Amino acid sequence: MTTQEPHNITILGAGVIGLSTALVLAETYPSATVTVVAKHLPGDRSIEYASPWAGANWCSMANDNGPLEKLDEVTFKRFGQLVDGQNVWGCKVVQKGEGNEAGIGRMGMWSFFDSPIEETGILSDGTNKIWYDQLVGGLKDISKENLPKDVEFGKDWPSTFRINTAVYLTWLQSQALSKGIKLVRRHYTSLTSLLTDLPSTSLLINCTGLGSLHLSDIKDTNVYPTRGQTLLVAEPKTPINRMYEWTRQYLRSPARIDPVTNYVFPRPLGGGVILGGSRDDNNWSDEWDEELGQKILEKCCELCPELGRPEDVQVISRNIGLRPSRKGGPRIETETGKWKVPVVHCYGHSGAGYQSSWGTAERVLELVQKTQTSGLAKL
Ligand SMILES: Cc1cc2nc3c(=O)[nH]c(=O)nc-3n(C[C@H](O)[C@H](O)[C@H](O)COP(=O)(O)OP(=O)(O)OC[C@H]3O[C@@H](n4cnc5c(N)ncnc54)[C@H](O)[C@@H]3O)c2cc1C
Ligand SMILES: *[C@@H]1O[C@H](CO)[C@@H](O)[C@H](O)[C@H]1NC(C)=O
Ligand SMILES: *[C@@H]1O[C@H](CO)[C@@H](O)[C@H](O)[C@H]1NC(C)=O
């Protein structure tokens, strides 16, 4: 190890972003001490912790023809390597029966849109194409007779990913433990108090999601919640062989008037089926909205006939999560000079934290490497 390498890395946050970042850094700097500090860790179910509430699947919303698409593309490839049993940053997934211990699997999807394609936000800036068309195996148009009413067009995705978030977070955590990453549970009200507590920290990575708003020394007022409601329901007797999504025209509309966007994600490993959902910006409410919940259930049954009638669906839990959104997109950048150690910010992934997780972690690594070669910091 050269003196240029960070020897004491502290990561604030143990969501999918903090944990993935910790794994990449620990693998790259094997002699560094890597510590993840967080108020919430895998297994917790708090509205302040977004990761357990995600659906989750890979369905890129990036259309910048640039860095955001790259984050999702890298992650798509890493998910594929993991599912195929390959080594990803020193992590390997063990096959278990029909699934694997990480709770991640490939699956096709039908996605529907209720507006002309130019208005959906799925076309990339500059190219006017769907950038992940080939990545997911070549999108096909869904024939008219298979389109629900009020739908303008649909796309058949041969293969993308679905994630049982509870299993995946636990897997990330156990990978972290097996690499010698330290996990510390603590809540910090400021960065200053964290650095006082952990004085040997030579590099700090800020993966606090929405939690950041409560850090007193800097507040990023671009950060806001996008509330989402989902239902976890029992697996129907008729197996569901694909995911469904009905994207309302919200992506580019600043108002996002209709908070419902529907999806049905069967989760692997007895994870049940997640029915979603809603996207309601700037709403912190942790109270279940029964009317919205009923609408989600009915719309999902229309989308996915295998579920049967709404009244026959067994609801296991009612979930509310707050996506850590940010005006201008996620902030992944280094801040030097302000604190006694360099800080890499990494928050604001909104509804894309899983599908961009590995790409994000690799981007953080690039920033860490740059921080060192530029000699800005005494690491
Ligand atoms: C309903 C819903 C559906 C979703 N579906 C998908 C999907 O299909 N695909 C997808 O990719 N994404 C999806 N998402 C988004 C995804 O869940 C988030 O983008 C992701 O979980 C964000 O992860 P994070 O690590 O940034 O934040 P979090 O998971 O919120 O983690 C933040 C961490 O920081 C800690 N922390 C914060 N402040 C402090 C502090 N001051 N001191 C100590 N610790 C602190 C917290 O305790 C926690 O450990 C969905 C989200 C919701 C709500
Ligand atoms: C960490 O990120 C949050 C946004 O999530 C920001 O408000 C906060 O100021 C950052 N904390 C530090 C210590 O830089
Ligand atoms: C927030 O969401 C809840 C649940 O859907 C709803 O009842 C409430 O009116 C919303 N609040 C705001 C300010 O929009």
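First listed ligand is number 1; within each ligand, the first listed atom is number 1. Because the structure is predicted, anything quoted here is derived from the model rather than measured.
- Near His187, the atoms of ligand 1 lying under 4.0 angstrom from a non-hydrogen atom of the residue are 40 (C), 41 (N), 42 (N), 43 (C).
- No N or O atom of Leu41 sits closer than 3.5 Å to an N or O atom of ligand 1.
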Test side chain to side chain donor-acceptor pair (under 3.5 Å) applied to Thr230 and Asn319, step by step: CA-CA 5 Å; Thr230 63; Asn319 313 311; 3.2 Å; yes

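- Side-chain N or O atoms of Thr165 include one that pairs as donor or acceptor with a backbone N or O of Pro52 at under 3.5 Å.
- Between the side chains of Ser193 and Ser190, a donor-acceptor pair is found at a separation under 3.5 Å.
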Run Arg279 and Arg323 through side-chain contact (heavy atoms from CB on, under 4.5 Å) and show every step you take. CA-CA 9 Å; Arg279 301 181 63 90; Arg323 300 172 180 87; 3.7 Å; yes

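- At a heavy-atom distance under 4.0 Å, no atom of Gln229 approaches ligand 1.
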Kindly determine whether Asp72 and Ser60 satisfy side chain to side chain donor-acceptor pair (under 3.5 Å), including the steps that lead there. CA-CA 7 Å; Asp72 292 355; Ser60 180; 2.7 Å; yes

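- Only the side chain of Tyr263 comes within 4.0 Å of ligand 1, counting heavy atoms alone; its backbone N, CA, C and O stay farther away.
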Which N or O atoms of ligand 3 sit under 3.5 Å from a protein N or O, and how far apart is each pair?
residue	atom	partner	partner atom	Å
ligand 3	2 (O)	Asn283	OD1	3.4
ligand 3	2 (O)	Asn283	ND2	2.4
ligand 3	5 (O)	Asp289	OD2	2.7
ligand 3	11 (N)	Asn283	ND2	3.0
ligand 3	14 (O)	Asn283	ND2	3.4

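- Residue Gly276 places every heavy atom at 4.0 Å or more from ligand 1.
- Ligand 1 has a nitrogen or oxygen under 3.5 angstrom from a nitrogen or oxygen of Ala14.
- Hydrophobic clustering, defined by side-chain heavy atoms of Ile, Leu, Val, Met, Phe, Trp and Tyr closer than 4.5 Å, groups Leu269 together with Val167.
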Determine whether Ser200 and Asn8 satisfy the following criterion, side chain to side chain donor-acceptor pair (under 3.5 Å), listing intermediate values before the conclusion. CA-CA 7 Å; Ser200 55; Asn8 220 316; 3.1 Å; yes

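- Close contacts of ligand 1 with Gly321, meaning ligand atoms under 4.0 Å from a residue heavy atom, involve 53 (C).
- When each atom of ligand 1 is checked for a heavy atom of Tyr354 under 4.0 Å away, the hits are 10 (C), 11 (O), 12 (N), 17 (O).
- The pair Lys295-Glu291 does not meet the salt-bridge criterion, since no charged nitrogen lies less than 4.0 angstrom from a carboxylate oxygen.
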Please lay out, stage by stage, how Ser31 and His7 fare under the test side chain to side chain donor-acceptor pair (under 3.5 Å). CA-CA 7 Å; Ser31 42; His7 42 82; over 6 Å; no

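- Residue pairs satisfying the ring-ring contact (aromatic ring centres under 6.0 Å, His included) criterion with at least one member in residues 149-180, sequence neighbours excluded, are listed as follows: Phe76-Phe161, Phe79-Phe161, Phe113-Phe153, Tyr132-Trp157, Tyr168-Trp171.
- Ligand 1 lies out of reach of Arg227, whose nearest heavy atom is not under 4.0 Å from it.
- The aromatic rings of Phe112 and Trp110 stand perpendicular to each other, their planes meeting at an angle above 60°, with 30° marking the opposite boundary.
- Ion pairing between a basic and an acidic side chain is recognised when a charged N comes within 4.0 Å of a carboxylate O; Arg186 and Asp197 show such pairing.
- With ligand atoms numbered from 1 in the order given, ligand 1 contributes 32 (C), 33 (C), 34 (O) to contacts under 4.0 Å with heavy atoms of Cys207.
- Among Pro324, Ala54, Cys346, Ser190, the residue whose heavy atom lies nearest to atom 17 (O) of ligand 1 is Ala54.
- No N or O atom of Thr189 sits closer than 3.5 Å to an N or O atom of ligand 1.
- When heavy-atom distances to ligand 1 are checked against a 4.0 Å cut-off, Cys59 has no atom that comes that close, whether in backbone or side chain.
- Selection from Ser51, Gly353, Pro42, Gly15 by nearest heavy atom to atom 23 (O) of ligand 1 gives Ser51.
- Checked by distance only, ligand 1 and Trp53 stay at 3.5 Å or farther apart across all their nitrogen or oxygen atoms.
- A donor-acceptor contact closer than 3.5 angstrom links the side chains of Asn206 and Thr208.
- At most 12 non-hydrogen atoms from other residues, nucleotides or ligands lie less than 6.0 angstrom from CD of Gln314.
- Below 3.5 Å of separation, one finds no N or O of Val37 facing any N or O of ligand 1.
- Contacts of Leu210 with ligand 1, taken as heavy-atom pairs under 4.0 Å, are absent altogether.
- Using a 4.0 Å cut-off between charged side-chain N and carboxylate O, Lys149 and Asp114 make no salt bridge.
- The proximity of Ser350 to ligand 1, defined as any non-hydrogen pair under 4.0 Å, is limited to the backbone.
- Counting heavy atoms only, Gly55 comes closest to atom 5 (N) of ligand 1 of the residues Gly277, Gly55, Ser193.
- Between Arg323 and ligand 1, no pair of N/O atoms sits closer than 3.5 Å.
- Taking any N or O of Gln355, backbone or side chain, at least one lies under 3.5 Å from an N or O belonging to ligand 1.
- Residue pairs meeting the ring-ring contact (aromatic ring centres under 6.0 Å, His included) criterion with at least one member in residues 9-35: none, sequence neighbours excluded.
- The closest heavy-atom contact to atom 28 (P) of ligand 1, among the options Gly209, Gly13, Ala50, Ala56, comes from Ala50.
- The heavy atom nearest to atom 37 (C) of ligand 1, considering only Ile11, Leu191, Thr208, is found in Thr208.
- Ionic pairing of Glu362 and Arg78 is present here: one or more N-O contacts between side-chain nitrogen and carboxylate oxygen are shorter than 4.0 angstrom.
- Residue contacts with ligand 1 for Phe265 involve side-chain atoms from C-beta outward but no N, CA, C or O (heavy atoms, distance under 4.0 Å).
- Ligand 1 is never approached by Tyr347 to a heavy-atom distance shorter than 4.0 Å.
- Of all heavy-atom pairs spanning Pro158 and Gly137, the tightest one is CG-O, 3.5 Å.
- Near Gly211, meaning under 4.0 Å from one of its heavy atoms, ligand 1 places the atoms 37 (C), 38 (N).
- Contact check on Asp289 versus Arg227 returns no salt bridge, with no Lys/Arg side-chain nitrogen under 4.0 Å from an Asp/Glu carboxylate oxygen.
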